[in-house]
Amino acid sequence: MATLEKQKKWMFRGEGNCSLVLANCEEKSVYRFPKKNHWGKEKSPDAQSKAERIHMELQSVVDYMTNIMQPLLGSNYVVLPVLVAIPDGLSEEAEREVINSRPAHRKGKEVQSYTVEPVSKSALILPDLSYVIGYEVSPTTGATISVEIKPKKAFMHSSESFIQTKNLERFQVCKFCMHQRLKAKEGQWPKTSRYCPLDLFSGDIERMRHSLLALADTPQNNFRICLNGEEVHGAWRKQDFNIVLETLFGPGTNGHNNGNSRPKNLQLLDLIIEALLSVPHGSESNDGRSDVPLVEFPAQYCQNSSYVQQQQKHQLHGQNGKKFTLVKGCVLERVLSVQRMDDLDIHGVFPIYQKLEEHLQHHSEESSSWCLDGPYEYESWLGPCEKCGVQTCSSNCSLEKQDPIAEAVNKVKRFLISKTMQDCSIMVALQRVSEKTSGKYSYLTDPQGRLYQFSVSIIDLDPKPFNKILTYYRQDARISKAYKEAEDKMQ
Ligand code: ATP
Ligand code: MG
Ligand code: ZN
Ligand code: MG
């Protein structure tokens, strides 16, 4: 009798605070299961009603992605999940199979955080985005490298008072960099991140490369590289990176290719930058809908950025006067444009939230009609304003007499949409191919003329609940406090 080892059916792909994501190797798809610690807090009575609540919540994720995120970001970047009912025992079986492949730090004391909610009878199915999608038959079976970036908030709210007339572009520290002080204080990560989102979204290749190197150096939970779906470089697992690079580029010594003096890690970063700046082939960036205008934003610099500091040290900053913007329709431009839908920041939105919350307490009959926690329909979230005809969420109503509650709802929705975009991840998958299969696809070509098929997707597009604004407000206060303390210490 043949004793072939049974091919594994399930593989670990990743996890966040609320989901455990496992690949089903037979179906070539991933299952996004709701995690127990996310749902365990709920004072839900019996298993069945809890399962129903989870199912409804997952349905609202699908609705939000279909009706709000996809129109805003474009169908090239947003792959819609399918909500499925799962048979009894499936999640337990899947989890059992991956238990040994989970990163070591995830086991032991944290084991609880891995468990799929046992009463859940539902999951979301997505294509496995650690592989390239969107091409027909691939002419290769070679290895696939995928890079996941959780970019976080990539702009600063420009307050007039911050702007110094002579030095328009440099005036404050971005939220991500400020948050690092709180993380250091709380001992969340062994090393402070050297990444600054403003550099990644600058459109300036040199700055972008600097930010990717910083991510690779201090990945925290903002950066991960997988080889055929398995993590090889990330917060906790650092393998010999040369193996990955050799898999993609072929063998060579000292990280260099024969005849090419550019280190292979930089060659990989160049490909990632090219993918991040590419505009999908033959597509309109936002499906022809004008939900979010494609606008050019002024270049911003964060005072805390190691790039900016390095430039200052060498007195290079601002000397060349170069201005960069992101290519319209590339993934970074889409993410930034949607993040920019919030022009108030938490300080501006919190008083509005408080008034609205109070109003809704006295008019509970209105609560559901404003749809702040769903249903997530295009009309109520992005459709034209009944009074002025302007898109409700993508621009402010131009009529002075707009209903103040409608205006408050509109501002809160824009804030919540922006918050989703500040938590999403960008997945880039790359695979070397020997030839183009069709002119209708885009390929990346490196300076050596090697060809890669690739795909770029945006994941983790969950809606943010209305009452989370209070949590954001409190967190912001903690960030500001920790930042001030750290600054005071340095004086
Ligand atoms: P967060 O705590 O960031 O909100 P989450 O709990 O909402 O996370 P996701 O970010 O959606 O969960 O998924 C967790 C991880 O699983 C991702 O960071 C990614 O590494 C992996 N993942 C998610 N979807 C896919 C996919 N379609 N293909 C491959 N890997 C995926
Ligand atoms: Mg996530
Ligand atoms: Zn910064
Ligand atoms: Mg999430």
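In listed order, ligands and their atoms are each counted from 1. These numbers were taken from a predicted model, which means no experiment stands behind them. Values below: all heavy atoms of this structure, side chains included; hydrogens, waters and symmetry mates excluded.
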Practice task
With K419 as the cation and Y472 as the aromatic partner, state whether NZ or CZ is under 6.0 Å from the six-membered ring centre and within 45° of the axis.
Solution key: yes
Handout entry: Residue, atom name and distance, where the atom is the protein heavy atom closest to atom 3 (O) of ligand 1
Key = K150 NZ, 2.7 Å
Exercise for the section: Around atom 27 (N) of ligand 1, find the nearest protein heavy atom and jot down its residue, atom name and distance. Expected result: P127 O, 3.0 Å
Handout entry: Trace of the side chain to side chain contact (heavy atoms under 4.5 Å, CB included) decision for K175 with K152
Key = CA-CA 9 Å; K175 201 62 71 85; K152 303 302 287 185; over 6 Å; no
Practice task
Compute the angle centred on the Zn ion (ligand 3) spanning SG of C177 and SG of C196, and express it rounded to 10 degrees.
Solution key: 110°
Handout entry: atom 13 (O) of ligand 1 - nearest protein heavy atom and its distance
Key = V21 CG2, 3.5 Å
Handout entry: Nearest-neighbour protein heavy atom for atom 4 (O) of ligand 1, which is reported as residue plus atom name and distance
Key = D460 OD2, 3.0 Å
Exercise for the section: Please check if any side-chain donor atom of D199 sits under 3.5 Å from a side-chain acceptor atom of S305, or the reverse. Expected result: yes
Practice task
Would you give the angle at the Zn ion (ligand 3) between C174 atom SG and C302 atom SG, to the nearest 10°?
Solution key: 110°
Exercise for the section: Could you check whether the rings of Y135 and Y441 sit parallel, tilted or perpendicular, using 30° and 60° as the cut-offs? Expected result: tilted
Practice task
Indicate yes or no: does an N/O atom of R224 lie under 3.5 Å from an N/O atom of ligand 1?
Solution key: yes
Exercise for the section: Report yes or no: is the cationic atom of R207 (NZ for Lys, CZ for Arg) under 6.0 Å from the centre of the six-membered ring of Y301, at an angle within 45° of the ring normal? Expected result: yes
Handout entry: G229 near ligand 1 by a heavy-atom separation under 4.0 Å
Key = no
Problem - Aromatic ring pairing W381/Y376, orientation class (parallel under 30°, perpendicular over 60°, tilted between) - result: tilted
Handout entry: S202 vs M208 side-chain heavy atoms within contact, under 4.5 Å
Key = yes
Handout entry: Numbered atoms of ligand 1 (with element) below 4.0 Å of D128, judged on heavy atoms
Key = 28 (N), 29 (C)
Completion exercise
Numbered in order shown, the ligand 1 atoms found under 4.0 Å of a heavy atom of M427 are 29 (C), 30 (N)
Handout entry: Contact partition for D462 relative to ligand 1, non-hydrogen atoms under 4.0 Å
Key = side chain
Problem - Residue D423, metal the Mg ion (ligand 2), N/O/S under 2.8 Å - result: no
Exercise for the section: Check the pair F176 / Y195 against ring-ring contact (aromatic ring centres under 6.0 Å, His included), numbers first and verdict last. Expected result: CA-CA 9 Å; F176 178 88; Y195 163 69; 5.2 Å; yes
Problem - Test: E487 and R181 ion pair at under 4.0 Å - result: yes
Practice task
Return the name of the atom in D460, of element N, O or S, nearest to the Mg ion (ligand 2).
Solution key: OD2
Practice task
Quick one: look up the protein heavy atom nearest atom 18 (O) of ligand 1 and list residue, atom name and how far away it is.
Solution key: E148 OE2, 2.5 Å
Practice task
Looking only at protein heavy atoms, identify the closest one to atom 28 (N) of ligand 1 and say how far it is in Å.
Solution key: L129 N, 2.9 Å
Exercise for the section: Among all protein heavy atoms, pick the one closest to atom 2 (O) of ligand 1 and tell me residue, atom and distance. Expected result: N17 N, 2.7 Å
Handout entry: L126 neighbourhood, listing ligand 1 atoms whose heavy-atom distance to it stays under 4.0 Å
Key = 27 (N)
Completion exercise
of all protein heavy atoms, closest to atom 26 (C) of ligand 1 is V30 CG2, 3.6 Å
Problem - K35 to F33, cation-pi by 6.0 Å centre distance and 45° axis angle - result: no
Fill in the blank from the handout: Which of L372, L470, I346 passes side-chain contact (heavy atoms from CB on, under 4.5 Å) with Y353? It is L470
Practice task
Would you check if there is a donor-acceptor pair between the side chains of E333 and S337 at a distance under 3.5 Å?
Solution key: yes
Completion exercise
ligand 1 to I459, heavy atom cutoff 4.0 Å, flagged ligand atoms 17 (C), 19 (C), 22 (N), 23 (C), 24 (N)
Handout entry: Whether K35 lies under 4.0 Å from ligand 1, heavy atom
Key = no
